[in-house]
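Counting starts at 1 for both ligands and their atoms, following the listed order.
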Amino acid sequence: MPPRPDLGPKPRLGYSESRIERAAEKRTDDAALRTFAGDARAGAYVIGGELIVTKKGAPLNNPLFTIDQARALGPSTETIFLGLLDGAGRFGVGIQPTAAEALKTRDGFFVTDLRSIAVQGLVDAEHLPPIAEAKAVLHWHARHRFCPNCGTATQLVHGGWRRDCPNCKAEHFPRTDPVVIMLAIDGERCLLGRSPRFVPTMWSCLAGFIEPGESVEDAVRRETREEAGIKCGRVAYFRSQPWPFPTSLMIGCHAEALTHDIVVDREELEDARWFSKREIETMLMRKHPDGLTTPPPVAVAHHIIRAWVENEISFD
Ligand SMILES: [Zn+2]
């Protein structure tokens, strides 16, 4: 095993480790929610579809508005209760994407997509988890206005954590879609792939949605076999990450490769190949001779890859 490289302190994973207490017991308490919203310390994140509205600042933009400021930015869709931070209410306010788009040209505002905000560090990192929470739940509301059981318009209840059908009485809850994201390991080599959507230099872990009736381990083995033709044996869970594009949960794993010959599924991937630890190390440090890179620290893939390079993972 090569010596552990010095990659510096471990960076923070994006959208994770929220400081907000979700206070689920308050969601059914309309009087408490009104009190939290009326409190001077209340704050709201404003989301218009894929766009996040922030107040322009230097060096960081501020994504927190008062509730009144938030609702004045455009016709609001839903307001959802995210939870409490040191006793102060935190909310997500949805506005129409066209209203968010229009704010791009208004003085004092900075409006862009969440990926850019996270990767470029445009707001304090502590805001990323609640923005992810708000974005995912608001996205769910935007696509669940009608009961999937009977087609009647549904109503938001419980601070945005349920929609009820007044006709058939069905209750609908925000959902999150599990995705496996894994690094297949063959001794001192690991398997990375390239999606045609990636920037031209980037290589990352393979990933795919877990299907109904499938375990995490089975999904890891199936996706690796389907996308790269590699059979895997043991699977070890590493860590997970909310991924609000739109409502996924990334479940990070390492997997033991049992075969070596790669067969790339060109429908899914542009390419896939084995990388040595040494080569990955140069990619993590942005010193690869051909400029190849791994995903940025905001993404769990970075941490999955780094843990293996730092000899924290082994199937020996
Ligand atoms: Zn219904």
Measure up the Phe109 and Phe65 rings against each other and bin them: parallel (under 30°), tilted (30 to 60°), perpendicular (over 60°). parallel
Parallel, tilted or perpendicular: which fits the ring planes of His144 and Trp140, with parallel below 30° and perpendicular above 60°? parallel
Which protein N, O or S atoms sit under 2.8 Å from the Zn ion (ligand 1)? Cys147 SG, Cys150 SG, Cys165 SG, Cys168 SG
Heavy-atom closest pair, residues Leu73 and Ala99: O-CB, 4.3 Å
Would you check if there is a donor-acceptor pair between the side chains of His260 and Asp186 at a distance under 3.5 Å? yes
Test salt bridge (Lys or Arg N to Asp or Glu O under 4.0 Å) applied to Lys231 - qualifying residues, sequence neighbours left out: none
Between Arg163 and His141, does any side-chain donor sit less than 3.5 Å from a side-chain acceptor? yes
